Amino acid sequence: MTTLLTNISQLLQVREIHVDKVSGADMATLPMLENAWVLIEGAYIADFGTMDCVPDLKNIRKIDCSGRVVLPAWCDSHTHLVYAGNRIGEFVDRINGLSYVEIANRGGGILNSAKKLNEADEDTVYHESKIRLEQIMRLGTGAVEIKSGYGLTVAGELKMLRVIKRLKENYPVAIKATFLGAHAFPSDFKENHSAYLDLIVNEMLPEIAKEGLADYIDAFLETGYFSVAETEQVMAAGKKYNLLSKIHVNQFTAIGGIEACVKHGALSVDHLEVLTDNDIEALSGSGTMPVALPSCSYFLSIPYTPARKMIAAGLPLALATDYNPGTTPSGNMNFVVATACIKMKMTPEEAVNAATINGAYAMGISQTHGSITKGKHANLIITKPVTSFYQLPYEFGNNNIEDVIINGEIIS
Ligand code: NIG
Ligand code: FE
């Protein structure tokens, strides 16, 4: 099918020449065309331009986008949207004064979700998860990374990754799967970390690789979870199966993890609510994308990733949701973008760059997603009538999306 979008008031993130990511001061520039058109052929962007040179094509689908903004669909590079049940009880416990760490120390947190996941069968997990995937597609997400990490057993981790595989097969969104066996130490291994690391390295990873279930590997590098040395073991083991790492790090404490991640060539380091000057220095000039998760900061009332400091230091920055039952039960990238503007003082231009092309980079797909570039996937958001794209973060919490196109098709 051929589709022509016409009369677009602002067509955002137009990149004639491919870029992998944008960094530092360049993030302030969001290239755009006004009064524009986009031609979609099949699943791909065939061409685009301004209305003074709109192609005259017959017998094709035309969508009049007068007064509307069109932009690349969001690229959400960090989620845990495959899970069983919820953690609403813990949410209320936190309102009543307990902290995330206190709840985790009582056997709640990740271990609570692991219990639920291991009790549920694969079909149940699939059906609960696909509802969340469909919901984020309607909210404009066209590419998403999904982690395992609530199994923490061989069977549980495989169950999660098989669910992700089924989602990949059944939905048009681009999905990347990340193996997060190193999310927390199960109670049986609390005093025997090396035995759990053995399980990850010698039992989980070979089986996952054999079935081709993962694209990336992750670990929760944090005080009380995986140490720098333990995470390095996980990253090195992943590399043997060509799995680059994307690591949870610096959420609550800075313990030198970022330097280790950069040394191991991590594709991304995510969270970074607590960041030292040394961490910034380690990231400078590296290929590792820092990823901020402002909805997590919002939900847990913890600090926001210091975007201004990072951008001033010349770093790139990506934005993602962290959609998960414990720290961010929301997969809404529109809220992420708004919160980055409001709480992290990112400009709307920087936030859109961070949530599109830089998010694509953090999933290893910026060659095919994340900008309006000929030959890339036609994954697009068409807004409702708005005065400019600034209205999207300004009206935080409102849904200003009219249509979402994924691989050239409008999703309902
Ligand atoms: O990214 N911080 C580690 N992992 C998740 C939370 C997991 C959970 O609490 O279930 C996160 O916030
Ligand atoms: Fe996470």
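No hydrogens, no waters, no symmetry mates; every other heavy atom, side chains included, goes into these values. Ligands are counted one by one from 1 in listed order, and the atoms in each one are counted from 1 as well. The shown structure was predicted, so the numbers you read here are calculated from the model rather than taken from an experiment.
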Nearest-contact summary for atom 11 (C) of ligand 1 - protein heavy atom, Å: Asp322 OD2, 3.1 Å
Option passing side-chain hydrogen bond (donor to acceptor under 3.5 Å, both in side chains) with Glu122 (candidates Lys159, Arg166, Arg162, His127): Arg166
Shortest-distance N/O/S atom, His78 versus the Fe ion (ligand 2): NE2
Aromatic ring proximity, centroids under 6.0 angstrom, Tyr323 and His80: no
Nearest-contact summary for atom 2 (N) of ligand 1 - protein heavy atom, Å: Gln251 OE1, 2.6 Å
Positive for ring-ring contact (aromatic ring centres under 6.0 Å, His included) with Phe299, one of Phe91, Tyr100, Phe335: Phe91
Within-shell test, Tyr100 vs ligand 1, heavy atom, strictly < 4.0 Å: yes
Residue part near ligand 1, for Glu222, under 4.0 Å between non-hydrogen atoms: neither
Exercise: identify the closest heavy-atom pair between His369 and Ile357: O-CD1, 3.9 Å
Protein contact to atom 4 (N) of ligand 1 [nearest heavy atom, distance to 0.1 Å]: His183 NE2, 2.8 Å
His271-ligand 1 polar pair, N/O distance under 3.5 Å: yes
Parallel, tilted or perpendicular: ring planes of His248 versus His271, cut at 30 and 60 degrees: tilted
Vertex the Fe ion (ligand 2), arms to His248 NE2 and Asp322 OD1, rounded to 10°: 170°
Tyr298/Tyr304 aromatic ring centres below 6.0 Å: no
Atom 12 (O) of ligand 1: the protein heavy-atom neighbour that sits closest, reported with distance to 0.1 Å: Thr327 OG1, 2.7 Å
